[in-house]
Amino acid sequence: MKRAVIYARYSTDLQNDKSVEDQFSLCRDFAARLGADVVKQFSDRAKSGASMFGRPGLADMMTGAERGDFEILITESTDRVSRDIADLAHVHKVLKFRNIEMQCVNGGLMDTVQIGMYGIVGQMQREEGARKVKRGMTGVVRSGRNAGGKAYGYQPVTGRKGELEIVEHEATIVRRVFDMYVAGVAPRSIAAALNAEAVPAPRGKQWNASTINGNDQRGNGILRNPLYVGKIVWNRVQMVKDPSTGKRVSRINDDDKVESMDAPHLRIVDEELFQAAKERQAARGGAHARHTPKNKRLLSGLLKCAACGGGMSILGADRSGPRVICSTHKESGSCANNARYYIEKIERDVIDRLREMFADTSIIDAYVEEYKAESKRIAAERRNSRGERERALADVQGRIARLIDQVSRGTIDEDDVAMMLPTLKAERERLKSNLASGEALSNVIELKPKAVLKFREDVESLAEILKDRAAEPSAEMARAFREVVSSVIVYPRAAGEAYRYEIKGWLSSIAGPELSAVLMVAEEGFEPPTQGL
């Protein structure tokens, strides 16, 4: 009796988890008819058939073939093995070389001619399905509806698929971002101000400069999104798989492939403000940006104004060194803090205080213990909530599968699919991201104490480097510094008054404030001359 193995696969978009068990059952019955002995079963769940990469079940099966573990491969159909002509031919060639039969429940013994025929059909079906979905999306856009995911400032209209409405409290933030940027505030400073006010970010926990500034070619980011001026733009990029790695890569589409429709009811900012933001981006981007001197200070991007939460930017220098000022006050005047601060003095004060703080091993020990206790609490919460999120994800995937199945059967109109599918996919990605972020947290808990210990080793070197104004810390030291220090809050002061700062660390969410924030007042006589302030 010949030894046989079974291979089964389902794709998240096309089938559900029970499909693997159904395929196993069909293949076992087929093996019995062949008189073969099934010695092992391989499967890949929620894996696309467009590539052989990222499919451990298929890889294990091919390894078993090289070892001579079986004489027959049984699968429901060739498209379970691959929906790519070249990949399917490669698998068949390897199996044939090792005298292994490929038997399909729907087709029987596969020879070279059948592999070529089924390979073409499988790839054509995959590509045609993608074209149908894209065609439906185009119809959605041309009808004035949204074909993409959820954009910050909008929410889907209940009962009217593909239509959006403005969320006013988020729209207010969008207008504020545009106003601040046009006024001269850098995206990093805008993000810092929003984070300081605990304004919920579009994605993740915090605002950052890329969320606001985005990418010019892809047209993403708050400042580049044409939806805010009432224009729906779709199909700016396409995703293709690299045949050498199997990874999806985004590519910019030609202008003639981009769909654009006016949607004045979705306008949040006026055209004049939007164009002003584009002009400032153009002036600061491209070739100009490559030749603009970059600030290499240790605290670049970490200094924050205590009065407004905005960043601090270089104002100029006098004989005592370069000075910084609140960016919001400098660019828009909306912050009352007009004080100047010597950046080199702040750097020395911060490093000296951190060196003193981290020299005390009891603080690090206490931090690690607090971290361990918090990690246990987080793990317990994750265990309680993960099951519910997984069930929600399975439900969404099932709804997508049923929807695509209806398309393949021709029982649902493509326009209806184009309206429903984006919302379901966006919800699926949100749940996946939610689950992934929960898993990533456990790695952070293990690594952060090590980052603190490494920081203690580097801080002594940083202190020595800062004694020489011409010297700069290495990239590794600067990175270690930023793994522990999240921001340095600079308090307003009158001319001649001592500097006051608050050093905030990334440990603030796990340890008490006595370990995560340190208030500092400079010693008398330490402050450089302040003429002209």
Just jot down the ring-ring contact (aromatic ring centres under 6.0 Å, His included) partners of F42, sequence neighbours excluded, or say none.
none

Which atoms form the tightest heavy-atom contact between P187 and I212, and what is the distance?
O-CD1, 3.5 Å

Kindly give the heavy-atom pair with the smallest separation between G119 and I85, and that separation in Å.
O-CG1, 3.4 Å

Do [X] and [Y] touch side chain to side chain, with heavy atoms closer than 4.5 Å?
X: L227; Y: L164; answer: yes
X: T112; Y: H92; answer: yes
X: R3; Y: E71; answer: yes
X: I115; Y: V91; answer: no
X: Q41; Y: V5; answer: no
X: M61; Y: K40; answer: no
X: Y118; Y: D79; answer: no

Return the [atom1] to [atom2] distance between [X] and [Y], rounded to the nearest 0.5 Å.
X: D60; Y: D69; atom1: CG; atom2: CG; result: 11.0 Å
X: I6; Y: L26; atom1: CD1; atom2: CG; result: 9.5 Å
X: F30; Y: T75; atom1: CZ; atom2: OG1; result: 10.5 Å
X: R33; Y: I74; atom1: CZ; atom2: CD1; result: 9.5 Å

Verdict with reasoning, L223 to N213, per side chain to side chain contact (heavy atoms under 4.5 Å, CB included):
CA-CA 6 Å; L223 296 172; N213 205 35; 4.1 Å; yes

M117 atom CE, neighbour heavy-atom count above 12 within 6.0 Å:
yes

Can you tell me if S19 and Q23 form a side-chain donor-acceptor pair at under 3.5 Å?
yes

Between D84 and S82, is any side-chain donor less than 3.5 angstrom from a side-chain acceptor?
no

Once side-chain contact (heavy atoms from CB on, under 4.5 Å) is applied, do any residues pair with [X], and if so which ones, sequence neighbours excluded?
X: D44; value: Y7, R9, K47, R55, P56, L58
X: E170; value: K150, Y152, V167
X: D111; value: V113, Q114

[X] side chain to [Y] main-chain N or O, any donor-acceptor pair under 3.5 Å?
X: Y228; Y: V174; result: no
X: S25; Y: E21; result: no
X: N225; Y: G221; result: no

Show me the donor-acceptor pairs, under 3.5 Å and distance only, between side chains in residues 94-105 and residues at least two apart or in other chains.
| residue | atom | partner | partner atom | Å |
| --- | --- | --- | --- | --- |
| E101 | OE1 | Q103 | NE2 | 3.1 |
| E101 | OE2 | K2 | NZ | 3.2 |
| Q103 | OE1 | L109 | N | 3.1 |

The residue among I222, L194, I268 that forms side chain to side chain contact (heavy atoms under 4.5 Å, CB included) with I173 is L194

List the residues meeting side-chain hydrogen bond (donor to acceptor under 3.5 Å, both in side chains) with Q125, not counting sequence neighbours, and say none if there are none.
none

